[in-house]
Amino acid sequence: MKLSFEYGHGLMDANLPDSTDIFIPGETIADPECIPEDQLEAKTLESLRNPIGMKPLMELAKKGSKVTIIFPDRVKGGEQSTSHRKISIKLILQELYNAGVQKSDILLICSNGLHRKNTEQEIRNVLGETLFNEFWYTHQIINHDSEDYEHLIDLGTTERGDPVLMNKYVYDSDLAILIGHVQGNPYGGYSGGYKHCATGITHWRSIASHHVPSVMHRSDFTPVRNSSLMRSKFNEIGQHMEKCMGKKFFCCDAVLDTKSRQIAVFSGAAEQIQPLSWEIADKRTYVHYAEKKYDIMVFGMPQFFHYGDGMGTNPIMLMQALSAQVVRHKRIMSDNCVIICSSLCNGYFHDELWPYLREMYTMFQHDYMNTLPDMNRYGEYFATNQEYVRKYRFCNAFHPFHGFSMISSAHIAEMNTAAIYLVGAQEPGYARGMGLKTRATFEEALQDAMKKYTGDNPNILALPRTFKTTAVHLCMKTGDHNIIDTPAHPCCG
């Protein structure tokens with residue numbers, strides 16, 4: 001059969017055996033029904049007025065209350081006119097105004113964490129024209145700045161010893177509202193809930209307590225599940241924030257489908273709405289599809305997706321993207337599974353977005369750097385490099401420690417596959433420098449994989465549009481997706 005896979009700004013064709021299975025999120029198996037557009041406001045307002053484990057906004061706020069509304073950056077959720085951000089924030093503002101809160105006492109904070117600060121146009125896109133115009137020109141919309149020490153507060157450590165530094169605007173507010181998206185995420189199962197505050201409004205030292213090999217290379221991280229050590233750390237950090245603030249976050253989380261439409265909306269205390277939202281989200285995200293385990297997975301990478309332009313060509317970012325697929329789909333991969341993936345891999349690092357990754361890549365080629373975790377000892381060196389930090393603060397670049405969370409993830413693909421073939425690389429040396437095999441075409445890679453790893457009749461799974469649709473976590477048709485069924489990596493015990 002002939003299929004087309006993402007490649008640069010276009011597609012690359014592949015001739016695969018007719019026995020190949022094809023999975024496309026939201027199409028091969030339909031998502032649960034979403035809330036009809038004409039009911040979205042009513043359903044969201046019903047949730048806001050009947051929060052779980054907390055009083056409603058009308059009782060939590062009053063005239064004189066200082067309120068922060070924390071919303072996810074462009075990486076999370078959709079930008080359509082009926083997106084969860086746009087609907088929920090509009091309704092929350094109405095509730096706050098009805099409670100007597102003054103507009104001048106409200107601050108909207110983009111929870112970009114170590115992601116690059118969103119640009120004016122990106123903020124406009126995620127909030128919509130009305131909200132943007134209402135708050136931008138009065139300087140009441142800001143990006144979180146994890147290096148702005150005048151507006152951070154050190155809350156010590158969790159009982160486990162993880163550092164907690166958080167946004168001081170949020171800490172000082174009388175009411176802190178988290179707008180969350182419950183979508184499948186390789187980092188801890190789902191976005192939203194305590195993950196939102198633990199990663200979006202903190203400091204690199206907090207994030208370095210969980211986005212590191214000692215957490216990400218454990219058997220409870222791959223395949224992804226809702227009960228990993230990483231998820232526990234998110235919960236502990238969020239709850240430590242609440243304890244120190246003397247108040248709980250008021251969360252408004254939407255379970256989203258493949259097209260970022262709301263399936264359900266939950267409001268209230270994070271610790272109580274997380275399991276409820278996950279129960280609904282599991283039906284869409286953990287898809288019990290496979291009747292056999294697959295020896296080969298085939299997909300393609302565009303140049304621009306998820307984190308930004310260059311993600312599918314930058315060698316470290318494309319390794320993270322490969323690993324994310326392993327984390328999501330390990331349950332259906334055979335023990336010696338091979339990945340075949342198209343990527344332009346043309347040497348475009350996009351140094352403006354990731355000014356430090358070229359240096360990291362070069363370092364990885366030298367000085368006893370045999371596997372990606374060997375780079376981890378340089379995390380603090382990069383995280384405190386003031387030129388890279390300045391570019392994060394003032395040039396819309398990713399924070400330099402973000403690169404180390406990418407490297408920690410990137411090694412997972414190597415840990416869990418027999419081989420990875422990158423096809424169509426224009427500068428194949430970059431791929432080989434990350435430990436990948438290179439071939440010109442899908443067909444050449446498939447022939448080599450069958451000869452060396454899988455035999456003549458492999459089970460093949462094709463994943464077209466992998467990075468252009470909201471991903472799922474594929475599971476065996478029978479079996480519990482919460483069971484830990486993979487051994488720990490030797491380095492982690």
Side-chain angles (χ1 to χ4, degrees), residues 26 31-62 65 67-74 76-103 105-111 123-136 140-141 175-183 190-193 196 249-270 272-274 276-277 279-281 283-284 470:
D31 291 338
E33 288 189 16
C34 63
I35 300 171
E37 285 191 10
D38 62 358
Q39 297 178 28
L40 272 175
E41 290 199 9
K43 292 289 187 183
T44 304
L45 189 58
E46 180 184 2
S47 172
L48 290 169
R49 289 181 173 174
N50 297 277
I52 299 166
M54 295 184 74
K55 295 178 180 178
L57 294 172
M58 286 283 289
E59 295 182 37
L60 293 173
K62 61 182 185 300
S65 294
V67 180
T68 49
I69 300 174
I70 303 102
F71 63 93
D73 68 359
R74 60 161 292 278
K76 302 288 192 299
E79 296 180 1
Q80 69 273 25
S81 61
T82 54
S83 74
H84 180 55
R85 292 185 195 86
K86 293 170 183 172
I87 294 287
S88 62
I89 295 176
K90 179 180 72 172
L91 296 174
I92 285 166
L93 288 171
Q94 290 176 6
E95 295 295 281
L96 294 174
Y97 294 150
N98 289 339
V101 176
Q102 302 295 305
K103 174 183 176 292
D105 287 332
I106 298 171
L107 180 66
L108 278 65
I109 303 174
C110 179
S111 54
I123 295 288
R124 186 190 299 270
N125 291 345
V126 300
L127 293 183
E129 290 289 337
T130 301
L131 281 173
F132 179 86
N133 290 332
E134 186 177 352
F135 287 94
W136 179 264
Q140 289 174 263
I141 304 174
L175 176 60
I177 302 170
L178 291 173
I179 308 298
H181 296 128
V182 185
Q183 282 185 312
Y190 288 115
S191 301
H196 188 181
F249 291 105
F250 185 98
C251 298
C252 182
D253 283 2
V255 179
L256 302 184
D257 71 2
T258 301
K259 296 181 179 179
S260 291
R261 298 173 300 189
Q262 297 89 317
I263 297 172
V265 181
F266 293 89
S267 298
Q272 291 179 249
I273 70 168
Q274 279 186 159
L276 297 175
S277 64
E279 184 179 355
I280 301 297
K283 297 174 184 177
R284 184 260 156 195
T470 302

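We're numbering straight along the sequence, starting at 1. Hydrogens, waters and symmetry mates play no part in the numbers below; they use all other heavy atoms, side chains included.
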Problem - Pairwise side-chain contact, Gln262 with Leu256, heavy-atom cut-off 4.5 Å (strictly under) - result: yes
Problem - Distance-only side-chain donor-acceptor flag, Ser277 / Asp253, under 3.5 Å - result: no
Problem - Val126 vs Lys76, side chain to side chain contact (heavy atoms under 4.5 Å, CB included): CA-CA, chis, key distance, verdict - result: CA-CA 10 Å; Val126 300; Lys76 302 288 192 299; over 6 Å; no
Problem - Side chain proximity check, Ile35 to Arg261, heavy atoms < 4.5 angstrom - result: no
Fill in the blank from the handout: In this structure, CG of Leu178 is separated from OG of Ser88 (nearest 0.5 Å) by 11.0 Å
Exercise for the section: For the pair Asp105 (side chain) and Val101 (backbone), establish whether a donor and an acceptor sit closer than 3.5 Å, ignoring hydrogens and angles. Expected result: no
Practice task
Enter the distance from Ile87:CD1 to Glu41:CD here, rounded to the nearest 0.5 Å.
Solution key: 4.5 Å
Exercise for the section: Drop me the distance from Phe132's CZ to Leu127's CG, to the nearest 0.5 angstrom. Expected result: 8.5 Å
Exercise for the section: Look at the side chain of Ser111 and the backbone N and O of Phe71, then say whether any donor-acceptor pair between them is shorter than 3.5 Å. Expected result: yes
Exercise for the section: Look up atom NZ in Lys90 and atom CG in Leu131, then write down how far apart they are to the nearest 0.5 Å. Expected result: 8.5 Å
Handout entry: Verdict with supporting geometry, Phe135 and Leu93, side chain to side chain contact (heavy atoms under 4.5 Å, CB included)
Key = CA-CA 12 Å; Phe135 287 94; Leu93 288 171; 3.6 Å; yes
Exercise for the section: Taking the side chain as every heavy atom from C-beta outward, state whether Val67 and Leu107 have any atom pair closer than 4.5 Å. Expected result: no
Exercise for the section: Compare all side-chain heavy atoms of Ile92 with those of Leu57 and state whether any distance is below 4.5 angstrom. Expected result: yes
Handout entry: More than 12 heavy atoms from other groups under 6.0 Å of CD on Gln94
Key = yes
Practice task
Flag the pair Ile280 / Phe266 as yes when at least one side-chain heavy-atom distance between them is below 4.5 Å, and no otherwise.
Solution key: yes
Handout entry: Min side-chain heavy-atom separation Glu95-Pro56 under 4.5 Å
Key = no
Problem - Exam field: side chain Gln140 to backbone Lys103, donor-acceptor pair closer than 3.5 Å - result: yes
Practice task
Keeping the roles fixed (side chain from Gln80, backbone from Ser260), state whether a donor-acceptor pair exists under 3.5 Å.
Solution key: yes
Problem - From CD1 (Ile106) to CD1 (Ile141), nearest 0.5 Å - result: 11.5 Å
Practice task
Measure from NZ or CZ of Lys55 to the centre of the six-membered ring of Phe250 and say whether it is under 6.0 Å with the direction within 45° of the ring axis.
Solution key: no
Exercise for the section: Check Gly26 against Asp31 and note the closest heavy-atom contact, atom names and distance. Expected result: CA-OD1, 3.7 Å
Practice task
Examine distances only and state if a side-chain atom of Tyr190 and a backbone atom of Ala281 form a donor-acceptor pair shorter than 3.5 Å.
Solution key: yes
Practice task
Would you please test Ile69 and Ile179 for side chain to side chain contact (heavy atoms under 4.5 Å, CB included) and show each step?
Solution key: CA-CA 7 Å; Ile69 300 174; Ile179 308 298; 4.0 Å; yes
Exercise for the section: List the steps, then state whether side chain to side chain contact (heavy atoms under 4.5 Å, CB included) holds for Arg284 with Ile263. Expected result: CA-CA 9 Å; Arg284 184 260 156 195; Ile263 297 172; 4.2 Å; yes
Exercise for the section: Compare every heavy atom of Gln183 with every heavy atom of Asp257, then report the nearest pair and how far apart it is. Expected result: O-NE2, 3.7 Å
Problem - Nearest-0.5 Å distance, CD of residue Glu46 to CD of residue Gln39 - result: 10.5 Å
Practice task
Check for a donor-acceptor pair, side chain of Ser65 on one end and backbone N or O of Lys62 on the other, with a separation under 3.5 Å.
Solution key: yes
Practice task
Check whether any side-chain N or O of Arg85 sits under 3.5 Å from a backbone N or O of His181 as a donor-acceptor pair, and report yes or no.
Solution key: no
Practice task
Compute whether any side-chain donor of one residue and acceptor of the other, for Arg49 and Ser267, lie under 3.5 angstrom apart.
Solution key: no
Problem - Leu175 side chain reached by Leu96 side chain, heavy atoms, under 4.5 Å - result: yes
Problem - His84 side chain near Ile89 side chain, heavy-atom distance below 4.5 Å - result: no
Problem - Residue Glu59 excluded, over 12 heavy atoms near CD under 6.0 Å - result: yes
